[in-house]
Amino acid sequence: MDDLFAKDPSVIFNGYLTAFHAWCEYMRQRGKVAADGAFGVYEHMWVAFARDMAERTDPVPIEHLALADLQTFIDARSGRDSVAPSPRYVWRLLHLIDRVLAHTARRSGRAPSSVAIDLLGTRKDWLYANARGREDLPDHLTPDQAKRLIKYLASIRPQPGRSGQLVGWQDLRTSAAVALQLGAGLTPAEVRALTLSAPVGGGRVVDVPWKLRVPAVGSAKAREAPLATWGGFILKRWLDVRRELAIPGEWLLPSTRSKGTPWGKIGHYEASRALLLASGWTEEEAKGGSFRLRHTFALRQLGRGADEAEVARWLGIEPEAMRKYRDVLYEPVLDLA
């Protein structure tokens, strides 16, 4: 009986409407809308979407939305109107769905779903539909791409060799390097310049680095940068192995095991490229991989509400340089033009 009730189209439709109206109220309380009429545009889009999900042969409750459901909805609109929805329309719709799903998940204590943004990232004409000067936009990872890369980095573990020594230390070092770019926004040159004094402990997790002391490199000033918790665990794993192998020298990520010499630019690039390819990236993606990781860090921080000036300080750049990220970020209820 409960299953029949759960698949009742009217119940499912009302579930979508409840979620939308709860999000609208949340946005009003935050003062994020200039006029009530702004919500009318999004309500029209949302009702059409909700009705489609509820009236399917196998209705889709909001908590069970999958990427394929969203793709089918967009494809159906193309067939019904004989004209494919504009990239701008898809951009607005998917960002709206993402915001409502995120708010609904927070209210229920569930992990937020990224299906809408994952679908958006499958086509660049959708992803950058709201941007000006698209050729200058920072390339970055979608939430799904970031999750898959983090999962891959976490899977690289020390392997016992025949002699009882640890082998594969280069892979562990490279996984830490990539983690510092995605998890702390460092440039490749900054990664190579880090010494053993760079990791800072004393955060929420005992013995796990939670920020980095980054030396001045090029035009960037010396600074401290936060490190994502998952990145801290990967860095700690490398530090443990580095200590066990008794690698000499002060460089955090050395080139050689016997002498602990600095990691060269070419060697770093080739090692990172090989790791990214092994994680599932294409050759084209791996070419600019290092800066895709840094841009992703910046956008993730801004998307979580960090102040632009603070993120600029973490990245070691001037606040004016943050302009390039604004067209990638979204706030659908403020963007009705």
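Quick note: numbers below take in every heavy atom, side chains included, and nothing from hydrogens, waters or symmetry partners.
A donor-acceptor contact closer than 3.5 angstrom is absent between the side chains of Asp144 and Thr142. Remark: the Lys147 side chain and the Ser114 side chain contain an N/O donor-acceptor pair separated by less than 3.5 Å. A donor-acceptor contact under 3.5 angstrom links the side chains of Ser197 and Thr195, judged on distance only.
With hydrogens and angles ignored, the 3.5 Å screen pairs a side-chain donor or acceptor of Asp69 with a backbone N or O of Ala66. Without hydrogens or angle criteria, Asn14 side chain to Ser10 main chain gives a donor-acceptor distance under 3.5 Å. Side-chain N or O atoms of Ser272 include none that pairs as donor or acceptor with a backbone N or O of Tyr269 at under 3.5 Å. Side-chain atoms of Arg237 come within 3.5 Å of backbone atoms of Ile156 as a donor-acceptor pair (strictly under, hydrogens ignored). In this structure, Arg257 contributes its side chain and Pro254 its backbone to no donor-acceptor pair below 3.5 Å. With hydrogens and angles disregarded, a donor-acceptor distance shorter than 3.5 Å links the side chain of Trp238 to the backbone of Leu252. With hydrogens and angles disregarded, a donor-acceptor distance shorter than 3.5 Å links the side chain of Glu285 to the backbone of Thr282. Between the Arg294 side chain and the Leu315 main chain, a donor and an acceptor come within less than 3.5 Å of each other. The backbone N or O of Trp91 lies less than 3.5 Å from a partner atom in the side chain of His95, making a donor-acceptor pair.
Look at Asp240 and Arg243 and you find a salt bridge, because one of the NZ, NE, NH1 or NH2 atoms lies within 4.0 Å of a carboxylate O, short of that distance.
Minimum heavy-atom separation, Leu186 to Ala225: CD1-CB, 4.4 Å. Ala176 and Leu253 make their closest contact through CB-CD2, 4.1 Å (heavy atoms, listed as atom of the first residue, atom of the second, distance). Shortest non-hydrogen contact noted between Ala306 and Trp314 is CB-CZ3, 4.2 Å. Here the closest non-hydrogen pair linking Ala198 and Leu194 is CB-CD2, 3.8 Å. Across every non-hydrogen atom of Trp230 and Ala179, the tightest pair is CZ3-CB, 3.7 Å.
For residues 200-212, the pairs satisfying salt bridge (charged side-chain N to carboxylate O under 4.0 Å, His left out) are Lys211-Glu224, with sequence neighbours left out. Annotation: salt bridge (charged side-chain N to carboxylate O under 4.0 Å, His left out) contacts involving residues 169-180, sequence neighbours excluded, are absent.
If you take CD1 on Ile117 and CG on Leu70, they are separated by 10.5 Å, rounding to the nearest 0.5 Å. For the atom pair OG of Ser255 and CD1 of Ile247, the computed distance is 10.5 Å after rounding to the nearest 0.5 Å. In this structure, CD1 on Ile317 lies 11.0 Å from OG1 on Thr187, to the nearest 0.5 angstrom.
The hydrophobic cluster containing Leu277 does not contain Leu141, counting ILVMFWY residues as joined when their side-chain heavy atoms lie under 4.5 angstrom apart, directly or transitively. With hydrophobic clusters built from ILVMFWY side chains whose heavy atoms lie under 4.5 angstrom apart, Val217 does not share a cluster with Leu293. Val178 and Phe291 are not part of a single hydrophobic cluster, where members link through side-chain heavy atoms under 4.5 Å apart. Clustering ILVMFWY residues whenever any of their side-chain heavy atoms sit less than 4.5 angstrom apart, transitively, puts Val47 in the very cluster that holds Phe20. When hydrophobic clusters are built by joining Ile, Leu, Val, Met, Phe, Trp and Tyr residues whose side-chain heavy atoms come closer than 4.5 Å, directly or via intermediates, Trp251 is not grouped with Leu245.
Residues Gln301 and Glu310 fail the side-chain proximity criterion, which asks for heavy atoms closer than 4.5 Å. At a threshold of 4.5 Å between non-hydrogen side-chain atoms, the residues Leu196 and Arg242 count as touching. Using a 4.5 Å cut-off on side-chain heavy atoms (C-beta onward), His268 and Pro188 make contact. Side-chain contact check for Leu101 versus Pro112: every heavy-atom pair is 4.5 Å or farther apart. Considering only heavy atoms from C-beta on, Ser279 stays 4.5 Å or farther from Arg148 through its side chain. Counting only heavy atoms from C-beta outward, the side chains of Leu94 and Asp98 never approach each other to under 4.5 Å. No side-chain heavy atom of Ile12 sits under 4.5 Å from any side-chain heavy atom of Val60. Using a 4.5 Å heavy-atom threshold, the side chains of Trp46 and Leu93 count as separate.
Between Trp23 and Tyr26, the ring centre distance reaches or exceeds 6.0 Å. His140 has its ring centre no less than 6.0 Å from the ring centre of Phe297.
Judged by the 6.0 Å distance and 45° axis criteria, Arg56 is not positioned over the aromatic ring of Phe73. The cationic atom of Arg51 (NZ for Lys, CZ for Arg) does not lie both less than 6.0 Å from the six-membered ring centre of Tyr16 and within 45° of the ring axis.
The side-chain hydrogen bond (donor to acceptor under 3.5 Å, both in side chains) test applied to His21 returns Glu43, not counting sequence neighbours. Qualifying salt bridge (charged side-chain N to carboxylate O under 4.0 Å, His left out) partners for Glu318, counting only residues two or more places apart in sequence or in other chains: none. In this structure, the side-chain hydrogen bond (donor to acceptor under 3.5 Å, both in side chains) partners of Arg223, at least two apart in sequence or on a different chain, are Glu190. Partners of Arg292 according to the side-chain hydrogen bond (donor to acceptor under 3.5 Å, both in side chains) rule, which considers only residues two or more places apart in sequence or in another chain, are Asp139. The salt bridge (charged side-chain N to carboxylate O under 4.0 Å, His left out) check on Arg213 picks up nothing, with sequence neighbours excluded. The side-chain hydrogen bond (donor to acceptor under 3.5 Å, both in side chains) search around Arg313 returns none, not counting sequence neighbours. Remark: Arg192 pairs with no residue by the salt bridge (charged side-chain N to carboxylate O under 4.0 Å, His left out) rule, at least two apart or across chains. Partners of Glu284 under the salt bridge (charged side-chain N to carboxylate O under 4.0 Å, His left out) rule, at least two apart in sequence or in another chain, are Lys287.
The hydrophobic cluster containing Val200, built from Ile/Leu/Val/Met/Phe/Trp/Tyr side-chain heavy atoms closer than 4.5 Å, also comprises Trp210. Clustering of Ile, Leu, Val, Met, Phe, Trp and Tyr side chains at separations under 4.5 Å places Val205 together with Val208, Phe233.
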Could you go step by step and tell me if Val90 and Asp125 meet the side chain to side chain contact (heavy atoms under 4.5 Å, CB included) rule? CA-CA 10 Å; Val90 176; Asp125 59 330; over 6 Å; no

What's the verdict on side chain to side chain contact (heavy atoms under 4.5 Å, CB included) for Ile97 and Val100, showing C-alpha distance, side-chain angles and the deciding distance? CA-CA 5 Å; Ile97 292 171; Val100 176; over 6 Å; no

Worked verdict on Val311 versus Glu308 for side chain to side chain contact (heavy atoms under 4.5 Å, CB included): CA-CA 5 Å; Val311 176; Glu308 270 194 13; 5.9 Å; no

Stepwise side chain to side chain contact (heavy atoms under 4.5 Å, CB included) test for Leu96 and Arg92: CA-CA 6 Å; Leu96 172 64; Arg92 295 171 79 187; over 6 Å; no

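Atom CZ of Arg106 is surrounded by more than 12 heavy atoms from other residues, nucleotides or ligands within 6.0 Å.
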